[in-house]
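Worksheet for the structure shown next.
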Amino acid sequence: MDVLFDMSGVEEADLPYVGILQGVLGVIDTENYKYGELFNEINVHTGGIGTSLELYTDISKVPEKEFKATFEIKGKALYQKLPVVFRMMEEILTRSKLGDTKRIREILAMQKSRLLMKFQSSGHTTAVLRAMSYASPSSKLKDMTSGIEFYDKIAYIEEHYEEEKDVLVQKLQMLAHKLFRADNMMISYTAAKEGLNGMEELIEGLKKAMFEDPVEDTRCVLHCEMKNEGFKTASKVQYVARVGNFIDNGADYTGALQILKVILSYDYLWQNVRVKGGAYGCMSGFSRTGEGYFVSYRDPNLERTMEVYEGIADYLRNFTVSDRDMNKYIIGTMSNIDQPMTPSAKGDRSFNLYMNKVSAETIKKERLQILEAGQEDIRKLADVVEAVMKAGQICVIGSEEKIEEAKEYAEKIMSSPLSVQLDVYIEAKENAQQAIENYMKSTEQLSYLTWKVSLGFEVDKSEIEESINSLVSDAQTALNSQKERYTLAISMSFTDADIQSDMAKFVNEYFAQSEGDMARLGEELKAVMLNALADGVLDDAEMKTISDLQNEMNQIMATVADAEYKAKLTNTVYVLDGNLSYDSVKTVSEELQVLAQEQLDNI
């Protein structure tokens, strides 16, 4: 059973207090129970009672961005225990001691701690929500009641608790009286037909227990503000979100977008963000209201991931797969849509469709769009992706280092004093050296596994795949680090815009080729290793093939790391690898203008 209370009468400034109220109810003393006793009473007689804040978007009024926000209390129990559920809900909603400042302070500390843990472990959802809040009123409300803005409010109140506690108590009591009213209540109930017996009397009793005192009539008007942000944490990984409303930018929703989500998860985003980029995960989503997003999970990169997002539209325009693979994508999509449901899940789905104004005709239309989709339909979705990217809404949660690089990289490298640029280059050099060391460790690990297979030891298939994926991922990271060094060196040493552009173009083309070669060699190496694992024998021919492929990969790495080759690629890096100082770089900068032009002519 779900009892809902409409939040449309809560003013924008009071929304964070609704989030606090939701966290307080059920874990604070009431008039008849200590909070520990309340917990025990609920668990002895029911399957649980809890509160939540929910959002329901009206898909019949997408341009108007209409939605309903609700404060909900939910419970489940056997039919004979339903009176206990109603009694406990009444106790929690109307008799909680919201003036207990000591307990509220403890709850605030718990809420703050849990939010911090959520930001660290589920930073991808937090980043998407925050980025959506720049333009979406419903996301703005959610951010204010459970996201980053909510955390900021809790942190401030906790830090200034003695000054804020009286206002906090007043707000909580005011909101309880404004929300928990019979004329503001709706009920969703799922049960067999016999479960309806006596329900009307129980609901009538709950209605009579609700607050009836006069309250001020107010409306919730939300104000969104465009502000791309980066939130710094102690972690060394990032959650990189790029979002936007494609309907606002002229595109339409179609069921084929659910197929696109599967395609990106198993192909483009997986290959570029997970396999090559080294992130733990990558996700995307497209809603009926037009909100689309791309986000990475525990990602060592930031700018590189942004570049991957920028390439999605081009990937889709050139999307070509076999009919068999296209059918697999459609089947994968339908498996997410047609899932077995418990009676409780059926009730929740039915109620959600009702609240979101989703008709049976809408569902049927979307299913047909999925089942009848072809490759050309997927290619057309490039326009949808471009509409998402056009919004330019970005939020990153991650390391200070990466966020500072992304924030200042373009401007700093082109306009900062040379001494500042030099500091950045030295740091990039150190990163590149570390990346190459990581690659060498991965190479050693794969050689060890190869040795085990050659001697007939049992090696798990997943261990081989993981080792080769790590090798390729470390190689890609090392190549990107070297590319960054060259790019930095070019911008530091050449003031002539044409030379700078030509040099940068050459560097980008060279490293793009190297990354492609490394990915290809990795796949070939994996195929040989898994084949050997399948028949249990690593013969001489396979050993030679493995050795040759690893040598090719090592040669690519050696080439971009070799000082002599650096001199051929760009004299800049050769010079900068010497005694690095402001004066030494400044002295050779003008000389390099002439050398670079000669070098480009020879290339």
Do [X] and [Y] have side-chain heavy atoms sitting under 4.5 Å apart?
| X | Y | value |
| --- | --- | --- |
| Lys118 | Thr126 | yes |
| Val240 | Met306 | yes |
| Thr70 | Met7 | no |
| Phe71 | Gln22 | yes |
| Pro137 | Cys224 | yes |

Side chain of [X], backbone of [Y]: donor and acceptor closer than 3.5 Å?
| X | Y | result |
| --- | --- | --- |
| Asn301 | Arg304 | no |
| Asp143 | Ile148 | yes |
| Gln258 | Phe286 | yes |
| Gln238 | Asp299 | yes |
| Ser122 | Thr125 | no |

Distance-only polar pair, side chains of Thr289 and Ser287, donor-acceptor under 3.5 Å: yes
For [X] and [Y], which heavy atoms make the closest approach, and how far apart are they?
| X | Y | value |
| --- | --- | --- |
| Tyr56 | Met355 | CD2-CB, 3.4 Å |
| Met132 | Tyr293 | CE-CB, 4.0 Å |
| Thr46 | Ile49 | OG1-CG1, 4.2 Å |

Salt bridge (Lys or Arg N to Asp or Glu O under 4.0 Å) partners of Asp6, counting only residues at least two apart: Lys68
Full working for side chain to side chain donor-acceptor pair (under 3.5 Å) between Thr342 and Ser344: CA-CA 5 Å; Thr342 63; Ser344 175; 4.8 Å; no
Side-chain ion pair, Glu524 and Arg520, N-O less than 4.0 Å: yes
Lys/Arg-Asp/Glu bridge criterion (N-O < 4.0 Å) met for Glu149, Lys142: no
Residue among Glu225, Glu229, Gln393 satisfying side chain to side chain donor-acceptor pair (under 3.5 Å) with Tyr134: Glu229
Passing candidate, side-chain contact (heavy atoms from CB on, under 4.5 Å) with Val243, options Val128, Ile394, Val295: Val128
Geometric class of the Tyr329/Phe319 ring pair [parallel <30°, tilted 30-60°, perpendicular >60°]: tilted
Distance-only donor-acceptor pairs under 3.5 Å for side chains of residues 362-374, two or more places apart:
residue : atom : partner : partner atom : Å
Thr362  : OG1  : Ser359  : OG           : 3.0
Glu366  : OE1  : Arg288  : NE           : 3.4
Glu366  : OE1  : Arg288  : NH2          : 3.2
Glu366  : OE2  : Arg288  : NE           : 2.7
Arg367  : NH1  : Asp338  : OD1          : 2.8
Arg367  : NH1  : Asp338  : OD2          : 3.0
Arg367  : NH2  : Asp338  : OD2          : 3.3
Gln369  : OE1  : Thr254  : OG1          : 3.4
Gln369  : OE1  : Gly255  : N            : 2.6

Residues which pass side chain to side chain donor-acceptor pair (under 3.5 Å) with Glu54, listed by chain and number, not counting sequence neighbours: Ser52
Candidate pair Ser139 and Glu291, rule side chain to side chain contact (heavy atoms under 4.5 Å, CB included), full reasoning: CA-CA 10 Å; Ser139 297; Glu291 293 180 344; 3.9 Å; yes
